[in-house]
Amino acid sequence: MNTSSPYVSSCPVGCSAALEDTALRVTEGALRRCTGCGQLLSSATEAQYLRSLGRFDTSAGTLPDARSQLRHDKNSARRLGKLLAVLGRPSSTVRLLDVGCSSGAFLQSALRLGFTAEGVEPSADAAQTARTAGLKVFTGYLEQAQFADASFDAITLIEIVEHLRDAHSLLQECARILKPGGVVLVTTPNAHSWTARAMGARWAGFSLNDMGGHISFFNPHSIGLLATRCGLQTHHIETRNVRFFERGQCNPAQHAVAKIAAELLNWPARLAGTGHDLHAYLQRPLQ
Ligand SMILES: [Zn+2]
């Protein structure tokens, strides 16, 4: 590959459709759009991508600090509760895999709630931090772990797919190691959210460096298409939250107004599927 060509050269959702430039210009150049599914893609080179990932490759990983621990626990419990509702089973019967588990914060929540849980994490330092805390974590990528067919009841991909050039292969592997009826939860920023549309190229979700390697920007339609192509059914997709005050771009008065506007729009956004945080519950068919 030419070292100046974009790292993502085809649609990660698996479309063979052409990519077209958009008017959204970020540091690495114009974002491109898949003419098939609307997926937006970074123009970053492989070197730029790897540099941005490296900044987040630390032993602390994504462990919440004291201030964010409570919010993290609440969010994790809500997601795990919804997984159980889709599965229709108690946590004590569920074997869960967290892909890209970092230093294990989400695994800790799952274990506390009674799940049997383990993780996969390519960052050796973060994986070691998780193991030191007593968690079962494989160092490497999911495909390298070579789990047997139909090993898990639930798989979580929390803010992972937007970092990948080939989300299609990852979801296919998830479908293989899920039991029939098992569920994958995919969470990712929604590039069709009101927040993303209002912020344009300034949307924090598009920032390669601030976000540690964001290169592929999903919307509810492209996530659903990806699921279908990987042999998964969409149980449901939900979106949450509106934010108009990212990256400290406004003064305190503007911040207060933006916050009130965001609060007022939270429910309408959820109903319209245009919230900032996209959560897709995807299920392996029973047969
Ligand atoms: Zn596409």
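Note that ligands are numbered from 1 as they come in the structure, with each ligand's atoms numbered from 1 the same way. Hydrogens, waters and symmetry mates are skipped; everything else that's a heavy atom, side chains included, is used. Owing to the predicted nature of the structure, the values given are computational and were not obtained by experimental measurement.
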Listed partners of Ala130 passing side chain to side chain contact (heavy atoms under 4.5 Å, CB included), at least two apart:
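In terms of side chain to side chain contact (heavy atoms under 4.5 Å, CB included), with neighbours along the sequence ignored, Ala130 is linked to Leu135, Val137.
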Please indicate how many protein N/O/S atoms are found closer than 2.8 Å to the Zn ion (ligand 1), with waters neither displayed nor included.
4
Over 12 non-hydrogen atoms of neighbours within 6.0 angstrom of CZ in Arg78:
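Yes.
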Give the other cluster members for Ile260, using side-chain heavy-atom distances under 4.5 Å between Ile, Leu, Val, Met, Phe, Trp and Tyr residues; answer none if it is isolated.
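Besides Ile260, the hydrophobic cluster comprises Leu264, listed by chain and residue number.
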All ring pair (Phe, Tyr, Trp, His ring centres under 6.0 Å) counterparts of Phe217, not counting sequence neighbours
Phe206
Shortest non-hydrogen separation from Thr239 to Gly273 and the atoms involved
OG1-C, 3.3 Å
Just checking, Arg165 and Tyr7: is the charged tip under 6.0 Å from the six-membered ring centre and within 45° of the axis?
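Yes.
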